[in-house]
Amino acid sequence: MWPVRPEFVPDPALSRDEMETLQHDIAAAANFSDDSEDDSQRPTPEEAPIVAGVDQAFDDETATSALVIMQSGEVIERVHATEPTEIPYIPGLLSFREGGAILSAFKELETEPDVVLVDGSGRIHFREAGLATHIGVTLDIPTVGVAKSLLCGQPRRSLSEPLPEGTRVAIEADGDVTAPEGTVIGHAVQTRQYNSDSRYINPLYVSPGHQVSAETAADIVESQSSEYKLPEPTRLADSYAGELTRR
DNA sequence: GCGACAG
DNA sequence: ATCTTGTCGC
């Protein structure tokens with residue numbers, strides 16, 4: 001797959017202001033709902049969706065992006081790409097560090113996924129344009145952001161107590177987010193939990209990337225999770241990226 | 001100036 | 001993200 005919107009390809013050479021301006025344009029082009037302009041690509045209810053997971057690993061000077069494609073619990077394709085890292089990690093600008101390697105990996109891909117699970121935030125982002133949104137809009141493909149910690153926004157209720165498995169808590173826009181206050185920009189999703197007093201698992205922070213609603217994003221992540229907290233395509237992409245870098 | 005921040 | 005041993009609990 002190649003960028004459908006080349007003007008949105010993340011350029012690490014941009015100034016900080018230019019990056020933020022681009023993110024506002026991306027958010028304006030994003031679709032945070034389940035309504036598609038073109039539903040010819042939608043999976044029919046009787047066929048299992050093709051779900052991709054993407055994750056990156058780093059060494060001293062390169063970023064490696066790994067893509068794992070699954071259908072009905074089976075890996076049907078796996079690709080990767082390595083690119084030099086141009087800029088450091090800056091909260092809010094992650095896609096300009098990792099986006100290039102991700103888009104390179106997508107160029108190697110032959111299967112067209114129905115949805116992509118991206119490691120990081122989507123709409124849970126200061127300008128509603130996290131990594132998942134950036135990749136989704138640039139490729140014009142449905143994406144979901146799956147983060148292990150919360151970048152911004154306000155949980156509707158406290159997350160200080162462990163949540164039971166299956167619980168979902170809305171994350172609302174606050175003053176740090178461009179969306180109107182109270183807008184549901186994602187969910188804390190407890191895919192797994194221990195039944196113990198001393199040990200507990202933190203929730204995932206799931207948000208729409210592109211062409212999915214906050215509710216559907218959480219549904220997809222739950223449906224792709226099995227033995228572990230992370231959805232399977234993400235977990236496999238994570239370990240694949242790790243073993244590629246370790247060599 | 002202070003706080004707060006995906007990977 | 002990455003650097004790493006022990007340790008907790010099923």
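Protein chains get the first letters and strands the later ones, always in sequence-line order, with residue 1 at the start of each. Because the structure is predicted, anything quoted here is derived from the model rather than measured.
- In terms of modelled atom types and a separation under 3.5 Å, the side chain of A/S158 and the main chain of A/S160 share a donor-acceptor contact.
- A/E165 and A/N195 share no donor-acceptor pair across their side chains, judged by distance under 3.5 Å alone.
- A donor atom on one side chain and an acceptor atom on the other are found under 3.5 Å apart for A/D34 and A/S213.
- Of the possible donor and acceptor atoms, one in the side chain of A/Q193 sits under 3.5 Å from a partner among the backbone N and O of A/I201.
- Remark: A/A188 pairs with A/L159, A/V169, A/I171, A/P203, A/Y205 by the side-chain contact (heavy atoms from CB on, under 4.5 Å) rule, at least two apart or across chains.
- Of all the heavy atoms in A/R97 and A/T85, the pair that sits closest is NH1-CB, 4.2 Å.
- Using a 4.0 Å cut-off on heavy atoms, the residues of residues 85-97 of chain A that approach DNA chain B are A/Y89, A/P91, A/G92, A/L93, A/L94, listed by number.
- Counting any heavy atom pair closer than 4.0 Å across all strands shown, A/Y194 reaches no nucleic acid atom.
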Listing time: all N or O pairs from protein to nucleotides 3-6 of chain C that are below 3.5 Å?
none

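- The side-chain hydrogen bond (donor to acceptor under 3.5 Å, both in side chains) test with A/Q56 is passed by exactly one of A/T64, A/T82, A/T245, A/D119: A/D119.
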Between the protein and nucleotides 8-10 of chain C, list every N/O to N/O distance that falls short of 3.5 Å.
| from | atom 1 | to | atom 2 | distance (Å) |
| --- | --- | --- | --- | --- |
| C/dG9 | OP1 | A/S198 | OG | 2.6 |

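- Considering CD1 of A/I26 and OG1 of A/T21, their distance stands at 11.0 Å, rounded to 0.5 Å.
- Using a 4.0 Å heavy-atom criterion, one finds that A/S121 contacts the bases of the nucleic acid, with or without backbone contacts as well.
- The CG atom of A/D119 sits 10 Å away from the P atom of C/dT2 (whole-angstrom rounding).
- Considering CZ of A/R78 and OG1 of A/T111, their distance stands at 13.5 Å, rounded to 0.5 Å.
- Note that CG of A/L103 and CD of A/E108 are 12.0 Å apart. Values are rounded to the nearest 0.5 Å.
- Going from atom CD of A/E243 over to atom CG of A/D238 covers 11.0 Å, rounded to the nearest 0.5 Å.
- The environment of A/E110 atom CD is sparse: at most 12 non-hydrogen atoms of other residues, nucleotides or ligands sit within 6.0 angstrom.
- Rounding to the nearest 0.5 Å gives a distance of 7.5 Å between CE of A/M1 and CG of A/L109.
- Panel note: side chain A/Q71, backbone A/A48; a donor-acceptor pair is recorded below 3.5 Å.
- Nowhere does DNA chain C pair in an unbroken run of 3 or more (Watson-Crick or G-U, both distances under 3.5 Å).
- Contact annotation for A/A57: backbone-only contact, meaning every heavy-atom pair under 4.0 Å involves sugar-phosphate atoms and none involves a base.
- Mapping heavy-atom proximity under 4.0 Å, the span of DNA chain B touched by chain A runs 5' to 3' from B/dC5 to B/dG7.
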Exercise. Is there a side chain to side chain donor-acceptor pair (under 3.5 Å) between A/D176 and A/Q154 once you walk through the steps?
Worked result: CA-CA 10 Å; A/D176 293 340; A/Q154 185 63 49; over 6 Å; no
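- Looking at heavy-atom distances under 4.0 Å, A/I124 makes no contact with the nucleic acid at all.
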